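Note sheet for the following structure.
All figures in this text were calculated on a predicted structure; none of them were measured in a lab.
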Amino acid sequence: MARPICFCLQYFALLMSFGAIVSYARPPLQHPQEEPSYLKFVFNATELPPQDYYDYIIVGGGTAGCPLAATLSRAYKVLVLERGGVAYGKPNLMNHEGFLTTLMDANPFDSPAQAFTSEEGVSNARGRVLGGGTAINAGFYSRADREFYQKSGVDWDQKIVNKSYEWVERAIVFRPELRDWQLAVRDGLLEAGIDPFNGFRLDHVAGTKIGGSIFDSYGKRHTAADLLSYAKPSNIKVSVHASVERVLLASSSPHAGSRLSAVGVAYRDHMGKYHHALVGKHGEVILSAGAIGSPQLLLLSGIGPRPYLSAWGIPVAHHLPSVGQFLYDNPRNGISIVAPIPLEQSLIQVVGITESGAYIEAASNVIPFASPPHSVFIRTPSSPLYLPVATLMEKIIGPLSSGSLRLASTDIRVNPIVRFNYFNNPVDLERCVNGTRMIGDILRSRSLENFKFRDWFGGRSFRFVGPALPVDQSNHRVMEDFCRRTVSTIWHYHGGCVVGKVVDRNFRLNGIDALRVVDGSTFGVSPGTNPQATVLMLGRYVGLKILRERMRYKS
Ligand SMILES: Cc1cc2nc3c(=O)[nH]c(=O)nc-3n(C[C@H](O)[C@H](O)[C@H](O)COP(=O)(O)OP(=O)(O)OC[C@H]3O[C@@H](n4cnc5c(N)ncnc54)[C@H](O)[C@@H]3O)c2cc1C
Ligand SMILES: *[C@@H]1O[C@H](CO)[C@@H](O)[C@H](O)[C@H]1NC(C)=O
Ligand SMILES: *[C@@H]1O[C@H](CO)[C@@H](O)[C@H](O)[C@H]1NC(C)=O
Ligand SMILES: *[C@@H]1O[C@H](CO)[C@@H](O)[C@H](O)[C@H]1NC(C)=O
């Protein structure tokens, strides 16, 4: 008989949403460090003037915004406006052991991880801090797959793509050290036929590989903000606690019907005071506010579907029907088990790149389970029980199912309402069935034997936390039902300002001058196994392209 363990619902919810948590007895490794040099040009929005001029204004100091700003500052005056604060110095953000605590502390209003829930009822999170998603994510780093470049609608210059990845990787990407659970999963993936073993690789190759991580060997997180150290300090200002409310637009000529141009932005500081940042001739406003933030800001600036904006009473500046449409989230499904042996804390390190539409990843954590209030087993119920929990998950490629974003308010601080329509497309469901079957194969591998408990009568079996896989994994119906019933997110949501629909192949807004969108909102599919490598590359890449473009037109 299993011992009855009762645990806090909150932890349980998160576990379902990834396996998880902290407060390991092991003291954190000490690592001498100096304050990062970029902090010298990070200001509180309250310190900025009510009006100021720049060449480039970047909205969002996140995964794409930071490398983009650093690159443009080599030749131009740049302002970055970030609604959140600074991550550096906050232990939960800066250490891998704080990953779940940060997510548990997420609320819709003022936490570094901003909680939101899709209309399907799946809890999710957005970065609200300098570094964006890279300051709260699981750190796994792997470049885009070949199909991404072919299908993204962009004429990628592959040489600049590679140079951009390398620029990012030199600064913030590390080789992880695998321990028990990750090693077992690596071997289990190979036993399940996801081969060959490709060793440590940053690029996308079919088979099993060890990917990169933005956590170093001390477990310390590096973020997109570190890339600001590449900036030219005299040319850049980064403002935190600066919430951008509108893109300011003006006609480029006095003639009726002439094109609109972005001329700046209006933002508010922590004290509620308004500021205007304006761009000069040849300057641009660039939105890097992420897949939720960028379409939301366009809508609030009067750029979007005319009837929809009118219904909200927002003056229509430019009718652009696809803003906020084609919003995607890759469903995540999997299992968690309690291990009979102590486990390392690991976020994602190994990945199985299958050829049947799914990627397999793993994590392990030590989770505090609150003891039952009137336990017959434990006399002092005040101290939690720490249990090692291991998770195996699959993420489908694509997805093909898409949803959309709607405003919940005209206040930029309020999360929009999002709907992802998980598994609306039957191909997505089949990919999930394929991926979860693969998890079944891995659970049956010899490499995972040590993670089973000894039963009565000498057998061995896994002890699942949350739903186990269906017993009959060959039954398609039952597997489909498992996919739908246990869907959660891997936080790779993207789209909303997709290339070809809202922006052109140079990330310029269709129909408006001096305005671009450069972030994950431009993706129509999730690149590779995990998106951050590609989003970081994108920031550097577009920065380099703009510098080249302007060099060409100079003189
Ligand atoms: C919990 C979690 C775990 C993840 N794990 C991984 C992983 O292991 N590997 C991986 O590759 N990917 C992972 N991801 C996904 C990855 O981090 C994101 O896809 C990526 O960071 C998105 O980058 P972005 O530039 O599009 O947006 P973001 O990095 O979110 O940047 C947007 C920035 O804009 C700011 N902003 C928004 N609106 C405004 C406004 N109005 N005014 C001013 N500022 C604004 C935000 O505060 C934010 O800093 C994870 C994501 C999460 C949330
Ligand atoms: C920024 O200013 C606000 C309001 O004055 C204050 O609460 C906050 O602590 C400041 N933050 C930083 C990083 O200086
Ligand atoms: C870019 O890098 C990829 C993966 O490492 C490699 O296969 C490709 O040949 C490189 N392309 C160029 C143009 O350097
Ligand atoms: C599911 O897996 C099977 C067997 O590997 C494969 O033939 C099929 O194409 C996969 N389905 C999808 C949608 O990728």
Side-chain angles (χ1 to χ4, degrees), residues 33-45 47-49 52-89 93-94 127 129-135 160 163-173 214 221-242 244 264-265 267 275 277-280 282-290 507 516 518-519 532-533 535-551:
Q33 52 186 259
E34 288 166 31
E35 203 175 80
S37 62
Y38 66 80
L39 289 179
K40 289 194 199 79
F41 50 80
V42 174
F43 301 87
N44 207 331
E47 300 163 19
L48 292 195
D52 213 353
Y53 287 84
Y54 302 87
D55 295 310
Y56 292 94
I57 296 168
I58 295 167
V59 179
T63 312
C66 290
L68 175 61
T71 304
L72 290 173
S73 78
R74 300 309 305 177
Y76 300 100
K77 234 181 120 191
V78 176
L79 174 68
V80 178
L81 295 167
E82 166 55 45
R83 62 184 180 149
V86 172
Y88 179 80
L93 292 175
M94 296 314 286
V129 60
L130 191 61
T134 64
I160 303 182
K163 269 177 49 189
S164 300
Y165 278 127
E166 287 157 17
W167 181 85
V168 169
E169 288 156 10
R170 272 198 302 278
I172 62 168
V173 179
I214 59 173
R221 183 191 288 277
H222 295 253
T223 75
D226 294 14
L227 299 171
L228 291 169
S229 300
Y230 282 122
K232 185 170 173 182
S234 59
N235 264 353
I236 188 169
K237 272 186 194 167
V238 175
S239 176
V240 291
H241 303 297
V244 177
V265 301
Y267 65 96
H275 301 248
L278 303 170
V279 291
H282 304 303
E284 288 185 41
V285 173
I286 306 179
L287 307 190
S288 298
F507 303 93
R516 293 192 215 223
V518 179
D519 59 24
Q532 71 170 345
V535 183
L536 288 156
M537 177 278 288
L538 176 70
R540 173 65 174 171
Y541 180 92
V542 176
L544 288 175
K545 291 291 260 190
I546 292 176
L547 292 182
R548 286 186 177 204
E549 229 170 74
R550 290 196 59 169
M551 286 282 269

Q: For the pair Arg540 (side chain) and Ile160 (backbone), establish whether a donor and an acceptor sit closer than 3.5 Å, ignoring hydrogens and angles.
A: no
(Q) Once side chain to side chain donor-acceptor pair (under 3.5 Å) is applied, do any residues pair with Asp55, and if so which ones, sequence neighbours excluded? (A) none
**Q.** Listed partners of Glu284 passing side chain to side chain donor-acceptor pair (under 3.5 Å), at least two apart
**A.** Arg516
Q | Partner residues of Arg550 under the side chain to side chain donor-acceptor pair (under 3.5 Å) criterion, sequence neighbours left out | A | Tyr56, Tyr76
(Q) Just to verify, what does Tyr541 make a side chain to side chain donor-acceptor pair (under 3.5 Å) with, not counting sequence neighbours? (A) none
Q) What pair of heavy atoms forms the shortest contact from Val542 to Phe507, and how long is it? A) CG2-CD1, 3.7 Å
Q: Considering non-hydrogen atoms only, spot the tightest contact between Ala224 and Leu536 and give its length.
A: CB-CD2, 3.8 Å
Q. Closest heavy-atom contact between Met537 and Val168?
A. N-CG2, 4.3 Å
Q: Return yes if some donor-acceptor pair links the side-chain N/O of Ser229 with the main-chain N/O of Ser37 below 3.5 Å, else return no.
A: no
Q | Expected output: side-chain His275 to main-chain Pro49 donor-acceptor under 3.5 Å | A | yes
**Q.** Gap separating the CD1 atom of Ile236 from the CZ atom of Arg74, nearest 0.5 angstrom
**A.** 10.0 Å
Q | Pairing residues for Tyr230 by the ring pair (Phe, Tyr, Trp, His ring centres under 6.0 Å) criterion, not counting sequence neighbours | A | Trp167
Q.
For Ala64 versus Val518, what's the shortest heavy-atom pair and its separation?
A. CB-O, 3.3 Å
Q) Do you know the tightest heavy-atom contact between Ala45 and His241? A) CB-O, 3.3 Å
Q: Report yes if the side chains of Leu48 and Leu79 come closer than 4.5 Å at any heavy-atom pair, otherwise no.
A: yes
(Q) Quick check: closest heavy atoms across Val86 and Val129, and the distance to 0.1 Å? (A) C-CG2, 4.0 Å
**Q.** Heavy-atom side-chain contact between Leu39 and Tyr88 under 4.5 Å
**A.** yes
(Q) Under the criterion side chain to side chain contact (heavy atoms under 4.5 Å, CB included), I'd like the reasoning laid out for Arg83 against Val244: C-alpha separation, chi angles, the key distance, then a yes or no. (A) CA-CA 7 Å; Arg83 62 184 180 149; Val244 177; over 6 Å; no
Q: Name all residues meeting the salt bridge (Lys or Arg N to Asp or Glu O under 4.0 Å) criterion together with Lys237; count only those two or more places apart in sequence or in a different chain, and write none if there are none.
A: Asp52
